[in-house]
Amino acid sequence: MDTDFIPLDYDYFDFEGRNYIRIIGRNSKGKRVCVVDTCDIYLWAILKDGVKKEKISKVIEKIEKIKLDSKGRQTRVEKVELHEKTFLGKKVKALKVFATNYKDLHDIADEIGFDEIEKRRGYDLGFTTHYIIERKIVPCNWYDISGDLIAGNDFAGISNIEVDFCLKLNKSKKIEERKFEPKIVAYDIETDDIKIGKGEILMISLVSDNFKKVITWKKTKKKFDYVEYVKDEGELLERFSEHLKKLSPDFLVGYYSDNFDLPYLKARAEENKIRLSLGLDGSEPKFSRGIELTGKIKGIVHIDLLRFIRTAYSQYMQSETMRLDDVATEFLGEGKKVFKFKHSSKIKEDEWESFFEYNLHDSVLVFRLFEKIWPDILEFSRIIQEPIFEASRNGMSKNVESYILHNLEKFDEIPEKKPMSEEISKRMHMGKYEGAFVFEPIPGIYEDIAVFDFTSCYGSTIVTYNLSKSTFLEKPEKNSYSIETPEGKLHFSKESGFFPEILNDIIEKRKKYKQELKEKPDVIKKARSNAFKLLANSAYGYQGFFGARYYLREAAAATAAFAKKLIKEVIETIDDAKYKTVYSDTDSIAFLLNGKTEKQTLDFLKKLNSQLPGIMELELEGFFRRGLWVTKRTGTIGAKKKYALLGKDGKVKIRGFETVRRDWCALARRTQDKVLRLVLDEGDEKKSLEYVKDIIKKLKQRKISIDDLIIKTQLKKSLEDYKTVSPHVIAARKMIDSGIPIDEGHLIEYYIAETEEKKKLVRDGVKLPNEKGEYDIEYYLEHQILPAVDTIFQVFGVDIKGIIEEKKKDQNRLSKWM
DNA sequence: GACTGAACTATACC
DNA sequence: ACGGGTATAGTTCAGTC
C-alpha cells in the first residue's frame, strides 16, 4: 500500500529481540497512519593507530562470537565490518559492530575492551535518534511511503493501536512540503491543592476546533451548556479519556502540564483506581525524570508549551514571569480571566460560573498560544531533526547537539560520547574563563549616536577562527590560529573542523532565510530564520557547557578572546576615523557621529566590513538622537550595562535601569522611566525635576496606592536554603504561615510598612500586599524613588537628594516654630 | 551600639 | 545538571571600635 506521510510521534518496541520504531503521523487526507520500521543497529569500535591487519581480523573474529544474555534477553553480535572513518577530525580505522538490540549495545561495548581498541562510540544516542540518522525518516517532513499493511497480531508491539492503518515500511521518498493542519486539544485542570494528587480535581477543560468543554462533578443549580456534569472525580477522569479518544488529536497541549496537569491526572486516577488510558494503544501516560518531570502519551504528542516558550522565546520577551497570564498577555494581547481562589467547599453557588469560565478560558489561551507558536515548534523539529516531543522540551544546548549529531554523516564522523558524571563534575569545577569586553562609559547625555553590532558575533568567531574540540592544538603549528588569553596562548588548526563547518552552514542558512523572509514574508520562513539564528547564537554556549559531547573550555575561552580582541580593534578604527566611541558591550559599539552624516557612516560601515576577518560582519543597529549614560551608585565612574537611547523614530531603548528590573516597585520604575523619557526628549532635566517633586509630594501625602509600592522578588531556592534572611524570605515565611503554599521559583510580593519602633532592618517592615499597614514613606523615598533617579540628575549636576533633604530640614524647622 | 566591608542574593546585559 | 561570562546594587551579617 502507498500513501504520503508526515511523521509526528516516535517510539519503539522490541519484537523477537529486535528494536522496531513505531511512528505515528498523518497523510494528506487526514488519516492517522502508523509506520513500523527497523534499521541497522551498531556501535563503533575505534582501533588504535597502526594495528596490523592480522590483529584486526582476530579482533573481528572475537567480537563476532559475542553472545549476551542481558536482562533476560538473548543478544548477539550479528556481524562486524571494518570502515575508514573520522573521529574528532582524525582519520581512523573503526569496526562497525552490528547487534540485534540497541539497548544491549552498552553491554556489548563492555565486552570489547580489547587492547587493540582505542574507544567505543555511537551507542548512547537513543534508538529514535539512531533510527532517524540511519533511515532518514525525519520528523515533520513529508514522505511518499509504501509498505505492507499489518494487523494487530503481526507485531506484539502494535496490538490494538487506534490508527486508520498501519504499515510495515518498505520504501520511502522525501517529497516537497504539503499543507498540514494538526489536530490540537488544549487542556487545563483546576484542583483543591497544588501539590500533585493531594486535592481533588474539580474540573477539567478541553478546547479544540469548534469544541469547548468543561467537565466537573460539582453540581450547580444553574446549568451551562459547555459544562458537562458527572457524578464524581472518577467519572470526570473517564470522561476526559473518552473525549480525548473521540477528538483524537495529534497534539495534547498544556501549560506547565509536564509538572502539574498530567501528573495530577495520573495521581488522581491511581487514587480512584482507574486506568487513565490516554495513549493510542490504551496505555497510561508515562513520566520520566530529568531535571524536570516529563509526561509522555503513546501516539499523541504531549506538549508543555511553557517549556518551549522558555527556551525559544524568553530572552526576547518582556513578560516579568513565565506564567500563562503574562505570556498570553504578551503573545495574544489577552490574559487569564480573574478568579479568586478558594477551597471548593468555600466557593459560593453563584461563583462557580466564573470558575468554569476561568478554567475554560485557560484552555482557550493555551489553544491560541499553540496556534501562534506552532510554526516555530515545527521548524525546530525539522531543523534539529528530532521529534516534536523532544524538540519542544530540549534546551538550546541539546538542540545544537542534535543538529550536530544529525549532520555528522557528511564528515564521516563517529559521534562523541556523552560525558559521564565524573567528567561532568570535573568540568564543573573548572573556574570561569575571561569573557567579553565592556567599555566603561563616561556619564553624560550625548547626541547623534550610531550603534553597530556583529551579526551572530560568537558564532561567526567560532567559524572564522575554526574553534572547536576537533581543531584544538596543544602546540602551535606553523599555520594555526592563535590567541592570547590570561591562562596562556591557545591554538587551533586552520584545517577546517566539522563543528565550525556545520556552524557556518547554520549561519549561511540564517542569512538566506532572513533574506527570503524580507522579500516575501510568511510564518514558516520567519520561524526557520529564527530557529537558525537561535542555533547560531547558542553554539558558543554549547562548547562551554559541561554537559556537551563536544565540550571544550579552550574553544569557548578562545571564542571570547578572539571576539574581544577584534571589537577592541574595531573601536580603535572607529575612533581613528574621527568618530567617538561612547560605549561597547561584547558585540556592539555605540559612537558619536561627530558631525558626520548617516550616509558617510554607512559607507564607513561598508569599508569596515571589507576589512574584517573571515565571516565576521558588522551591521547597523540604528541611529539615535540622544543617549544617556550614568554613574554607578557609588563613585563617579560610568556604570556599565545601563543606558537609555532615543531612536530616530522616537522609540526609547532602556537597558539595565531600574525601569526594566522587576525587583523594584512600580512607582520607582515608572518615575524613572518618565524621567528618562523627559530627559531624552528635551535634552535637559528641568521638566523631570518637577515631575519627581510632584511624585515625592504625593508619596509623602500617602496618596500612592499600595499596588504601586509592591516589591516583587523571586524565591530562587527552597526557603530553608537561604543563608541570609532577606525581606523576600520574610514575606515568603509569612505566606506559608497564612496557608499559602510556596515553592521555589515563586515570585514573592511584599511592601515595606512603618513599624512602631524605628526599625534597624528593612525586613522588619515587610508586609504582604493584603496585610494592613501604612507604607514607610522614608523607605520608599530613600530606597526606591531617590536611588532610581539620583544618578540621572547627577548627569545634569542636579543634587536631587540635596534638594529633597533641604526641604525636609525646612519643614522640620518650620514645624518647630509653629 | 554605630560603622564597615564581606557575603549573599536577585536581576539585568550581551 | 540540562549554553556562557560581565556587571550593578540591594540587604544582611560579622567583626571592629
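Letters A, B, ... mirror the listed sequences (proteins, then strands); counts begin at 1. Computed from a predicted model, the values in this text were never measured in an experiment.
Inter-residue side-chain proximity for A:Ile462 and A:Ser468 is flagged as unmet; no heavy-atom pair is nearer than 4.5 Å.
Looking at residues 530-555 of chain A, you'll see that no heavy atom sits under 4.0 Å from any atom of DNA chain B.
When each of A:Arg661 and A:Leu761 is assigned the nucleotide of DNA chain C bearing its nearest heavy atom, the one mapping closer to the 5' terminus is A:Arg661.
Reading DNA chain C from its 5' end, the first and the last nucleotide to sit under 4.0 Å from a heavy atom of chain A are C:dA1 to C:dC13.
Heavy-atom minimum distance, A:Pro139 versus A:Tyr10: N-OH, 3.1 Å.
Using a 4.0 Å heavy-atom criterion, one finds that A:Ala556 contacts no nucleic acid atom at all. A:Lys432 comes within 4.0 angstrom of a nucleotide base, judged by non-hydrogen atoms across all strands. The residue A:Tyr433 sits close only to the backbone: its heavy atoms come under 4.0 Å of sugar-phosphate atoms, none of a base. Residue A:Val400 is classed as having no contact, given no heavy-atom separation below 4.0 Å to the nucleic acid.
Residues satisfying the side-chain contact (heavy atoms from CB on, under 4.5 Å) test with A:Ile637, not counting sequence neighbours, are A:Glu440, A:Lys632. Take A:Phe492 and apply the ring-ring contact (aromatic ring centres under 6.0 Å, His included) test, not counting sequence neighbours, and it matches A:Phe472. Annotation: ring-ring contact (aromatic ring centres under 6.0 Å, His included) contacts of A:Tyr643 (sequence neighbours excluded): A:Tyr583, A:Trp629.
Between A:His746 atom NE2 and B:dT9 atom P there is a gap of 19 Å when expressed in whole angstrom units. Put simply, OH on A:Tyr643 is 15 Å from P on B:dA12, counting in whole angstrom units. Taking atom CH2 of residue A:Trp629 and atom P of nucleotide B:dC13, one finds them 14 Å apart after rounding to whole Å. Nucleotide B:dC14 holds its P atom 10 Å from the CG atom of A:Asp453, rounded to whole Å. The nearest whole Å value for the distance from the CD1 atom in A:Ile711 to the C1' atom in B:dT9 is 15 Å. Residue A:Gln714 contributes atom CD, which lies 12 Å from atom C1' of B:dT9 at whole-angstrom precision.
Between the side chains of A:Arg662 and A:Thr713, no donor-acceptor pair of N or O atoms lies under 3.5 Å. Donor-acceptor pairing under 3.5 Å is recorded for the side chains of A:Thr129 and A:Glu386. Between A:Tyr542 and A:Glu401, the side chains place a donor N or O and an acceptor N or O closer than 3.5 Å (distance only, hydrogens not considered).
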### Summary
Counting primed atoms, P, OP1 and OP2 as sugar-phosphate and everything else as base, the B/S/- map of nucleotides 2-8 of chain B against protein heavy atoms under 4.0 Å is ------S

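Aromatic pair A:Tyr775/A:Tyr751: centroids not less than 6.0 angstrom apart. A ring-centre distance under 6.0 Å is found for A:Phe591 and A:Phe452.
Phosphate contact (OP1/OP2 of B:dA10, side-chain N/O of A:His728, threshold under 4.0 Å): present. Within the structure, a side-chain polar atom (N or O) of A:Arg655 is placed less than 4.0 Å from OP1 or OP2 of B:dC14.
Geometrically, A:Lys469 does not engage A:Phe499 in a cation-pi contact, judged by NZ or CZ lying under 6.0 Å from the ring centre and within 45° of the ring axis.
No salt bridge links A:Lys489 with A:Glu554; every basic N to acidic carboxylate O contact stays at or beyond 4.0 Å.
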